[in-house]
Amino acid sequence: MADATAGTIEALLQEQRRYPPPPEFAANANANDPSIYRRAEEDPEAFWAEQAKNLDWFKPYDRVLEWNPPWAKWFVGGELNACYNCVDRHIKGVRKNKAAIIWEGEPGEERVLTYRDLYREVNRAAAALQRLGVKKGDRVAIYMGMVPELPIAMLACARLGAPHSVVFGGFSPAALRDRINDCEAKVVITCDGGYRRGGIVPLKDNVDTAVAECPSVEKVLVVQRVGPTAKQVTMHEGRDIWWHDALHAEPWREVPCERVDSEHPLYILYTSGTTGKPKGVLHTTAGYLVGTSATHRLIFDLKEDDVYFCTADIGWVTGHSYILYGPLTNGATSLMYEGAPDYPDKDRMWAIVEKYGVTIYYTAPTAIRAHMRWGDEYTRHHDLSSLRLLGTVGEPINPEAWIWYHTNIGKGRCPIVDTWWQTETGMILITPLPGLVTLKPGSATFPFPGVSAAILDEAGNPVPNNTGGNLVITRPWPAMMRTIYGDPERYVQQYWSKYPGMYLTGDGARRDDDGYYWLLGRVDDVVNVAGHRIGTMEVESALVSHPSVAEAAVIGISDELKGQALAAFVTPRSGVKPSDSLIQELRAQVTKEIGPIARPDKIFFTAELPKTRSAKIMRRLLRDVAEGRVLGDTTTLTDPTVLADIKRQYEETET
Ligand code: WTA
């Protein structure tokens with residue numbers, strides 16, 4: 001790792017700028033007493049018990065935590081319902097007519113759902129799912145665009161105690177099929193199509209292709225979003241039902257919230273790991289809601305009249321935790337935008353901020369770098385004075401992008417919370433508390449109160465300050481994943497075996513002399529392309545499934561805009577001639593197997609790949625080649641000339 005990150009550490013060590021909380025912000029902040037850190041550290045369980053008071057429980061829990069590493073149970077013996085906490089309880093009081101979801105469609109429609117509206121719709125959807133046979137414990141797959149029916153569907157599942165598995169709408173039919181089959185979903189919820197940059201994503205057609213190979217699926221519920229003029233879909237008799245028909249098939253009734261145990265599964269979300277097969281990260285109910293709501297309230301400093309806008313897609317964990325569950329548990333107004341940030345023009349996000357008076361804006365560094373590149377004029381024409389707090393997530397933010405965001409969007413007034421976390425962690429773990437922490441651009445600052453982290457060397461010893469190492473979390477936290485669905489051994493092996501009793505994040509980090517954490521990117525075979533998490537092994541499997549490919553190695557290379565991009569080194573089968581058209585075919589193959597987000601930016605053909613004597617591909621050396629570094633140690637290679645050849649070819653193609 002030292003090789004890959006030495007340059008980054010060097011650059012970050014130069015970062016001297018400091019941004020203390022603006023005094024007025026600090027005075028009114030939800031977290032404004034620095035003793036929160038000490039108190040949580042002295043008694044983490046008491047801290048989390050305090051946070052758990054923000055939920056409504058059907059039955060109080062007996063114990064905060066039962067920890068048999070690596071198996072955790074939080075709020076043991078409690079009973080509750082996530083949908084009740086996100087919806088029902090808010091209509092009993094002053095939030096009844098408050099906007100829960102403000103939605104803007106890409107073509108420009110607007111919809112506002114108050115908490116009462118949401119309650120009405122979620123009950124209709126829950127009744128419809130019940131009629132389709134969905135019961136507590138059944139899995140429901142959801143493959144939709146960013147329309148209000150997506151959170152409605154998720155909440156309806158939660159109401160019935162049926163774990164949902166949302167699959168990002170940019171995944172291919174093959175990827176969708178594998179996810180549905182892994183969790184054996186009984187019902188799939190989709191849309192006829194989704195708008196994206198003026199075009200239409202054929203969601204229902206993709207579902208048709210996927211479900212043809214999914215024996216568990218009994219029914220497909222279809223939201224009409226774009227049709228029938230923009231897109232005709234085929235409805236399969238006996239299997240497919242229109243959402244609007246299903247939701248209005250009987251008079252409105254309240255569907256009682258299922259009382260579920262604290263540890264009842266809330267959802268499964270697939271994410272990329274270091275093997276070819278995506279992992280079904282399982283989150284449960286009570287701990288997840290406590291963790292996401294507490295972090296949302298304290299990190300985003302949520303106030304009753306805030307208009308909160310997270311630009312993620314609900315298909316990723318950021319959308320689950322910080323568009324839906326955290327904000328709605330807190331009774332917030334959460335804004336959802338359906339489409340692309342540059343459609344119809346590059347000022348779309350700022351037009352939305354102005355139009356709805358957004359106060360809190362949460363996005364990814366890649367998006368900020370894109371706005372930087374597009375230029376300031378797109379921000380200048382809009383009144384951004386409603387904003388009071390900014391956030392970032394998904395990848396390390398370079399100080400230049402941080403400063404641009406602070407200056408051009410925050411106008412120097414708004415603190416920025418750089419939040420580090422993962423699908424597996426469920427909630428933000430390393431972050432500033434904006435009223436308490438002096439910011440350093442590029443640093444996610446400190447672990448959240450009650451969270452304990454360390455940076456270790458390969459032998460498990462803490463590294464000295466300003467030295468990179470493996471980031472681990474040394475104590476359980478409420479929203480942590482509970483297992484990998486259907487594969488508990490992989491959960492143990494992947495996350496808890498390298499340093500027993502500690503959670504291995506897969507990220508590198510360093511701590512400076514002031515104790516600030518600086519995230520250095522993944523140290524395993526996972527790549528963050530534009531904030532999207534992609535496993536290099538998945539892309540390799542997709543490439544070798546093409547008949548012309550004998551072998552492939554995929555690596556992440558640094559990319560100015562996307563943070564990282566993918567480069568593939570491909571060995572064709574004998575007799576196959578490398579060509580531009582083969583490159584196109586291979587890119588299409590990856591799109592087919594995974595989706596366009598996983599398409600390699602660069603594909604190089606090579607007669608052989610550099611391997612150790614034990615036949616391991618040396619990806620580290622390929623990274624050296626691709627990033628133009630001096631080659632690292634090549635003595636373990638079977639044939640060092642292979643690498644020299646690749647380097648020569650690579651340099652020739654690059655120039
Ligand atoms: C990266 C997204 C640096 C990290 C919530 C992690 C970050 C992976 C940050 C998880 C950040 C996320 N600074 N890196 N603030 N936030 N990451 O599962 O490499 O899609 O392991 O969850 O994103 O990606 P995932």
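Each ligand, and each atom within it, is numbered from 1 in the order the structure gives.
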- Message: For the 3.5 Å polar cut-off, considering only N or O atoms, please tell me whether Thr271 and ligand 1 meet it.
- Response: no
- Query: Would Glu41 and Arg475 pass as an ion pair if we require N to O under 4.0 Å?
  - Reply: yes
- Note on the structure: The closest protein heavy-atom partner of atom 24 (O) of ligand 1 is Arg533 CD, 3.6 Å
- Query: Should Asp514 and Lys440 count as an ion pair when the cut-off is N to O under 4.0 Å?
  - Reply: yes
- Message: Is it the case that over 12 heavy atoms from other parts of the model lie below 6.0 angstrom from the NZ atom of Lys592?
- Response: no
- Message: Considering non-hydrogen atoms of the protein only, which is the closest contact for atom 19 (O) of ligand 1, and what is the distance?
- Response: Asp507 OD2, 2.8 Å
- Item | atom 13 (N) of ligand 1: nearest protein contact (heavy atom, Å) | Glu395 O, 3.3 Å
- Flag the pair Glu424 and Arg533 as a salt bridge only when some basic side-chain nitrogen lies within less than 4.0 angstrom of an acidic carboxylate oxygen. yes
- May I ask you to establish whether Arg179 and Phe171 are in a cation-pi arrangement, using a distance under 6.0 Å from NZ or CZ to the six-membered ring centre and at most 45° from the ring axis? yes
- Could you say whether the N/O atoms of Asp418 and ligand 1 ever approach to under 3.5 Å? yes
- Note on the structure: For Thr419, the ligand 1 atoms with a heavy-atom partner under 4.0 Å come out as 9 (C), 11 (C), 15 (N), 16 (N)
- Query: Do the ring planes of Phe300 and His296 sit parallel (below 30°), tilted (30 to 60°) or perpendicular (above 60°)?
  - Reply: tilted
- Query: How are the rings of His283 and Tyr288 set relative to one another: parallel (under 30°), tilted (30 to 60°) or perpendicular (over 60°)?
  - Reply: tilted
- Message: Under a 4.0 Å threshold between the charged nitrogen and the carboxylate oxygen, would Arg482 count as salt-bridged to Glu263?
- Response: yes
- Task: Look at atom 25 (P) of ligand 1 and say which protein heavy atom is nearest, naming residue and atom and giving the distance to 0.1 Å.
- Result: Thr423 OG1, 3.5 Å
- Task: Tell me, please: is Gly394 in heavy-atom contact with ligand 1, that is, under 4.0 Å?
- Result: yes
- Message: Suppose I only count heavy atoms of Thr318 and a 4.0 Å limit; which atoms of ligand 1 are within that range?
- Response: 5 (C)
- Message: With a 4.5 Å cut-off on side-chain heavy atoms, are Tyr267 and Val166 touching?
- Response: no
- Message: Taking 4.0 angstrom as the limit and counting only heavy atoms of Leu519, give me the atoms of ligand 1 inside it, by number and element.
- Response: 3 (C)
- Closest heavy-atom approach to atom 12 (C) of ligand 1 among Trp518, Tyr517, Trp421, Trp316 is made by Trp421
- Val317: numbered ligand 1 atoms lying under 4.0 Å from its heavy atoms: 5 (C), 22 (O)
- Task: Check Pro396 against ligand 1 and report side chain, backbone, both or neither, counting heavy atoms closer than 4.0 Å.
- Result: both
